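Each chain gets a letter, A, B and so on, in the order its sequence line appears, and its residues count up from 1. Owing to the predicted nature of the structure, the values given are computational and were not obtained by experimental measurement.
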Amino acid sequence: MNTTLEPQKKSNFIREIIDEDLKIGKREGRVHTRFPPEPNGYLHIGHAKSICLNFGLAADYNGKFNLRFDDTNPEKEEQEYVDSIVEDVHWLGGNFEDRLFYASDYFEQMYDYAVDLIKKGKAYVCELNGDEIRATRGTLTQPGTNSPYRNRSIEENLDLFEKMRQGEFPNGAKTLRAKIDMAAPNINLRDPIMYRIVHAGHHRQGDTWCLYPTYDWAHGIEDSLEGITHSICTLEFENHRPLYDWFLDELGIYHPQQIEFARLNLSYTVMSKRKLLELVKNNYVDGWDDPRMPTISGMRRRGYTPQSVRNFADMIGVARRDALTDLALLEFAVREDLNKKAQRVMGVLKPLKVVLTNFPEDLTEELEGVNNPEDASMGTRMIPFTRELYIEQSDFMEVPVPKYHRLAPGTEVRLRYAYIIKCEEVVKNEAGEITKLRCTYDPETRSGTGTSQKKVKGTIHWVSAKHAVPVEIRLYDRLFTVEDPGSEKEKDYKEYINPNSLEILSSVVEPFVKNAKPGATFQFERNGYFCVDTKYTTADKLVFNRTVTLKDTWAKMK
RNA sequence: UGCCGAGUCGUCUAACGGUAGGACAGCGGCCUUUGGAGCCGUAUGCGGAGGUUCGAAUCCUCCCUCGGCAGCCA
């Protein structure tokens with residue numbers, strides 16, 4: 001149980017429901033949640049919200065959390081998705097222990113329950129085809145009409161249902177329907193379909209079944225069988241709750257409580273599996289784990305930490321109103337976490353050569369750099385300093401604008417951990433482009449020596465040319481150019497794809513980074529957080545993904 | 001037009017009849033050998049109209065706006 005010693009978790013309406021349930025001793029005071037994905041795609045940040053919610057509730061209330069695949073539709077589901085989902089839930093920290101379940105493991109039990117309903121006169125085999133069912137369902141404002149097969153005898157229903165299972169009928173020929181009310185104002189109650197015939201191999205059941213349960217019929221049973229106490233799902237299932245309750249009540253079995261919350265929408269991206277699948281299939285992105293994708297695997301590859309995603313989930317809270325969450329919240333969450341953990345290092349994204357004309361040709365000085373100012377235990381490292389360096393192109397302006405604290409002709413700037421230098425000469429090629437800066441350094445100004453009182457406004461990062469490790473750096477920008485690409489009814493969301501969401505750079509980093517392992521995260525000082533890409537990094541070439549930039553107050557001033 | 005649901009700072013989210021608070025974003029400042037981090041300060045909000053009440057974001061009525069639902073998807 002939660003104790004008063006623990007930090008107070010942010011209140012939300014689901015916690016209030018649970019608190020009340022616990023108070024009145026409902027369901028033996030247990031809390032047992034689940035995350036029930038269909039394995040028809042990769043998990044995204046919206047699913048992460050649900051996982052954190054469900055797992056967090058179980059953890060905080062000393063309860064249990066199940067991972068259950070809702071694999072009731074063989075035509076869309078694949079083992080690849082199962083594997084990725086298990087990996088993602090684990091990575092996020094969702095601990096389901098040994099409780100990994102599959103709806104398909106309950107098919108036999110569901111079938112028996114269906115027979116029970118038939119025997120109670122609450123379900124019937126219907127021979128209407130898809131068009132006919134649609135036509136007799138009525139509309140939002142008009143009631144439907146009864147199926148001509150609605151009043152078959154129980155014996156005939158039992159016989160037909162058995163034959164459906166045996167594979168005697170083709171796809172779509174017959175369905176099993178609940179006998180509820182064709183005039184119900186809630187369309188879900190107009191004799192909903194419980195089983196459809198699908199002759200297709202199932203990723204786990206193979207050809208055992210040609211009869212597959214629908215979501216509405218299956219889901220409550222799955223929850224019931226697992227002893228789930230609070231069945232948390234998103235708002236679009238709200239209209240299905242009466243049906244969830246109806247099935248469980250008619251069956252007379254353990255009855256969990258369905259609670260709906262608003263799904264996550266994030267600005268500048270899309271969250272539907274259908275759209276994400278389309279981006280992948282049509283190569284708008286480089287797979288489900290493309291770092292620009294809002295998928296968990298994409299975010300992992302981009303350098304997000306599980307902790308940052310969990311913090312984000314806590315920040316956004318849980319409610320019942322539709323919302324569009326600002327991407328800035330997610331970026332804040334990852335910066336906050338990485339700031340505490342990331343090894344600092346210097347890397348020059350777009351290099352500009354600097355020659356220190358008064359620095360000895362063959363000298364290499366070793367300068368000490370702090371690995372993480374937020375965490376002294378991470379220690380220090382030595383950084384080589386030589387006559388020829390690279391600095392960031394953006395750290396030099398031939399004609400500086402006001403408030404520009406960096407290098408310009410005749411001005412001084414500090415090199416991080418090193419000396420103050422002065423720009424003496426700008427070297428250009430025939431095209432007039434700046435190719436090199438000739439500077440002088442002031443030997444009295446070495447960092448930490450305190451031998452000079454000289455102060456400069458700016459400090460810039462650099463890499464010794466002789467020691468520079470060439471790397472590829474991938475900069476990512478938002479995938480879409482508008483806040484809510486999916487909301488425009490008249491336009492296809494793909495029209496808003498950002499054509500500049502990926503920029504690939506040839507860059508240099510300090511030698512400390514040379515043997516970094518795939519997945520390792522660094523802060524390139526003044527630039528942002530970067531991680532070694534797990535897909536394209538090879539033995540002789542490091543590829544970095546920019547996870548997120550540092551907050552840049554200078555960029556805002558411009 | 002039927003049913004269900006939701007409206008609180010720019011964004012997300014608290015409040016449970018008793019001073020509308022927090023986070024992010026913004027703005028101003030301090031500090032700084034990362035224009036990072038940190039610290040301090042600051043502005044902005046209860047969809048509308050009535051009603052009940054000493055007192056309403058909260059309870060009631062009406063209105064407005066937005067979202068979901070007519071798959072043999074989940």
Examine A:Y215 together with A:H219 and report whether their ring centres are nearer than 6.0 Å.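 Yes, the ring of A:Y215 comes within the 6.0 Å limit of the ring of A:H219, centre to centre.
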
Is the distance between the ring centroids of A:Y244 and A:F237 less than 6.0 Å?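 No, they do not, as the ring centres are separated by 6.0 Å or more.
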
Round to a whole Å and report the spacing from [atom1] of [X] to [atom2] of [N].
X      : N      : atom1 : atom2 : value
A:R15  : B:rU13 : CZ    : C1'   : 14 Å
A:Y212 : B:rC73 : OH    : P     : 13 Å
A:E331 : B:rG36 : CD    : P     : 16 Å
A:N372 : B:rA37 : CG    : P     : 13 Å
A:D322 : B:rU65 : CG    : C1'   : 13 Å
A:M557 : B:rC27 : CE    : C1'   : 14 Å
A:D19  : B:rA14 : CG    : P     : 14 Å
A:F69  : B:rA74 : CZ    : C1'   : 14 Å

Out of [options], which nucleotide sits closest to the side chain of [X]?
X      : options                : value
A:T459 : B:rC72, B:rA14, B:rU33 : B:rU33
A:D552 : B:rG36, B:rG35, B:rG10 : B:rG35
A:K551 : B:rA14, B:rG35, B:rA37 : B:rA37
A:R134 : B:rA37, B:rG71, B:rU34 : B:rG71
A:A319 : B:rG35, B:rU13, B:rU11 : B:rU13
A:N188 : B:rG36, B:rC69, B:rU33 : B:rC69

At 4.0 Å (heavy atoms only), tell me whether [X] reaches a base, stays on the sugar-phosphate, or touches nothing.
X      : value
A:V318 : sugar-phosphate
A:Q523 : base
A:Y195 : nothing
A:R274 : nothing
A:G448 : base
A:H461 : nothing
A:T175 : base

Applying the 5.5 Å / 30° rule, does A:H219 stack onto the base of B:rA74?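 No; centroid distance or tilt outside limits.
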
Would A:Y215 pass as stacked on B:rA74, i.e. its ring centre under 5.5 Å from the base's six-membered ring centre and planes under 30° apart?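 A:Y215 vs B:rA74: stacking no.
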
When the [atom1] atoms of [N] and [M] are considered, how many whole Å apart are they?
N      : M      : atom1 : result
B:rC9  : B:rU44 : P     : 14 Å
B:rC64 : B:rG48 : C1'   : 7 Å
B:rU13 : B:rG71 : P     : 30 Å
B:rG26 : B:rG68 : P     : 31 Å
B:rG67 : B:rU32 : C1'   : 48 Å
B:rG29 : B:rG36 : P     : 14 Å

N/O donor-acceptor pair, side chain [X] with base [N], under 3.5 angstrom:
X      : N      : answer
A:E483 : B:rG10 : no
A:R526 : B:rU34 : no
A:R321 : B:rU8  : yes
A:R335 : B:rG36 : no

Cationic tip of [X] within the cone over [Y]'s six-membered ring, i.e. under 6.0 Å and within 45° of the normal?
X      : Y      : answer
A:K422 : A:Y441 : no
A:R165 : A:Y111 : yes
A:R68  : A:F101 : no

Using atom names, set out every protein N or O paired with an N or O of nucleotides 2-4 of chain B below 3.5 Å, distance rounded to 0.1 Å.
from	atom 1	to	atom 2	distance (Å)
B:rG2	N9	A:L140	O	3.2
B:rG2	N3	A:L140	O	3.1

With respect to the phosphate group of [N], does any side-chain polar atom (N or O) of [X] fall under 4.0 Å of OP1 or OP2?
X      : N      : value
A:S11  : B:rA15 : yes
A:R196 : B:rC73 : yes
A:K556 : B:rG26 : yes
A:T72  : B:rA74 : yes
A:R137 : B:rC72 : yes

Any idea how A:H44 and A:H47 line up, ring-wise: parallel (<30°), tilted (30 to 60°), or perpendicular (>60°)?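 Taking A:H47 first and then A:H44, their aromatic rings sit tilted (interplane angle of 30° to 60°).
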
Do the rings of A:Y419 and A:F385 sit parallel, tilted or perpendicular, given the 30° and 60° boundaries?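 Because their plane-to-plane angle lies in the 30° to 60° range, the rings of A:Y419 and A:F385 count as tilted.
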
Got a minute to check which stems RNA chain B is part of, using Watson-Crick or G-U wobble pairs under 3.5 Å, three or more consecutive?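 Listed by first number, the stems are B:2-7 with B:64-69, B:10-13 with B:21-24, B:26-30 with B:38-42, B:47-51 with B:59-63.
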
What side-chain donor-acceptor pairs closer than 3.5 Å can you find for residues 171-180 of chain A, not counting sequence neighbours?
from	atom 1	to	atom 2	distance (Å)
A:N171	OD1	A:H199	N	2.7
A:R177	NH1	A:D191	O	2.8
A:K179	NZ	A:R150	O	3.2

Assign each of A:N171 and A:I316 to its nearest nucleotide of RNA chain B by heavy atoms, then name whichever residue's nucleotide is nearer the 5' end.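 With A:N171 and A:I316 compared, the 5'-side residue is A:I316.
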
Show your working on side-chain hydrogen bond (donor to acceptor under 3.5 Å, both in side chains) between A:N73 and A:E77 and close with a plain yes or no. CA-CA 7 Å; A:N73 184 355; A:E77 297 153 8; 5.4 Å; no

Applying salt bridge (Lys or Arg N to Asp or Glu O under 4.0 Å), run through A:D395 and A:R526 and close with a yes or a no. CA-CA 11 Å; A:D395 283 338; A:R526 304 209 306 133; 2.3 Å; yes

